Undergrad: 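Could you have a look at this structure, given as structure tokens, before my questions?
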Amino acid sequence: MAGKRRRPSKSNRRGMVAIAGIVMVLLVGLLVQSQQLTEQNALYESRKAELEQQIKDEEMRAGEIANLEEYVNSDEYIASVARDKLGLVFEDEILFQAED
């Protein structure tokens with residue numbers, strides 16, 4: 001009798017099938033979540049690259065603004081504005097006007 005094996009009971013077999021089914025459902029759920037996370041990660045990576053490009057563009061723009069600020073504070077710019085907008089001239093400058 002010691003060598004004789006017992007057959008698993010039907011309730012034991014149903015339990016094993018139920019556990020296997022639960023494990024399969026969990027596995028499918030994990031696979032779906034993994035796919036969604038992969039897609040979301042790709043979206044975040046593209047957004048990151050876009051934002052890094054915007055940072056570079058804004059840094060370049062800040063440099064251009066700094067250069068423009070230097071030019072606006074220069075005597076050359078002040079003389080140009082005075083000549084163009086206000087019609088001012090230097091003391092030793094001679095103007096020729098066309099007759100209408």
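Only a predicted model underlies this, so the values are computations on that prediction, with no experimental measurement involved. FYI, side chains are in, hydrogens and waters are out, and symmetry mates aren't considered; it's all heavy atoms of this structure.
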Undergrad: Looking at CG of Leu68 and OH of Tyr77, how far apart are the two atoms once the value is rounded to the nearest 0.5 Å?
TA: 7.5 Å
Undergrad: Using a cut-off of 6.0 Å, state whether more than 12 heavy atoms not belonging to Tyr71 lie near its atom OH.
TA: yes
Undergrad: Could you state the interatomic distance from CG (Asn41) to OG (Ser46), rounded to the nearest 0.5 Å?
TA: 10.0 Å
Undergrad: Scan Arg47, Gln53, Lys48 and name whichever one has a side chain to side chain contact (heavy atoms under 4.5 Å, CB included) with Leu51.
TA: Arg47
Undergrad: Give a yes or no on this: more than 12 heavy atoms of other residues, nucleotides or ligands lie within 6.0 Å of atom CG of Asp75.
TA: no
Undergrad: How long is the straight-line distance from CZ of Arg14 back to CD1 of Ile19, given to the nearest 0.5 Å?
TA: 14.5 Å
Undergrad: Please answer whether the main-chain N or O of Leu30 pairs with a side-chain N or O of Ser34 as donor and acceptor at a distance below 3.5 Å.
TA: no
Undergrad: Looking at Asn73 and Glu69, would you say the former's side chain and the latter's main chain have a donor-acceptor pair under 3.5 Å?
TA: yes
Undergrad: Is a donor from one side chain sitting under 3.5 angstrom from an acceptor on the other, for Glu39 and Gln35?
TA: yes
Undergrad: I'd like to know if Glu64 pairs up with Arg61 as an ion pair, taking the criterion as any Lys NZ or Arg NE/NH1/NH2 lying under 4.0 Å from an Asp or Glu carboxylate oxygen.
TA: no
Undergrad: Provide the closest heavy-atom pair for Ile78 versus Val72 in the form atom of the first, atom of the second, distance.
TA: CG1-O, 4.3 Å
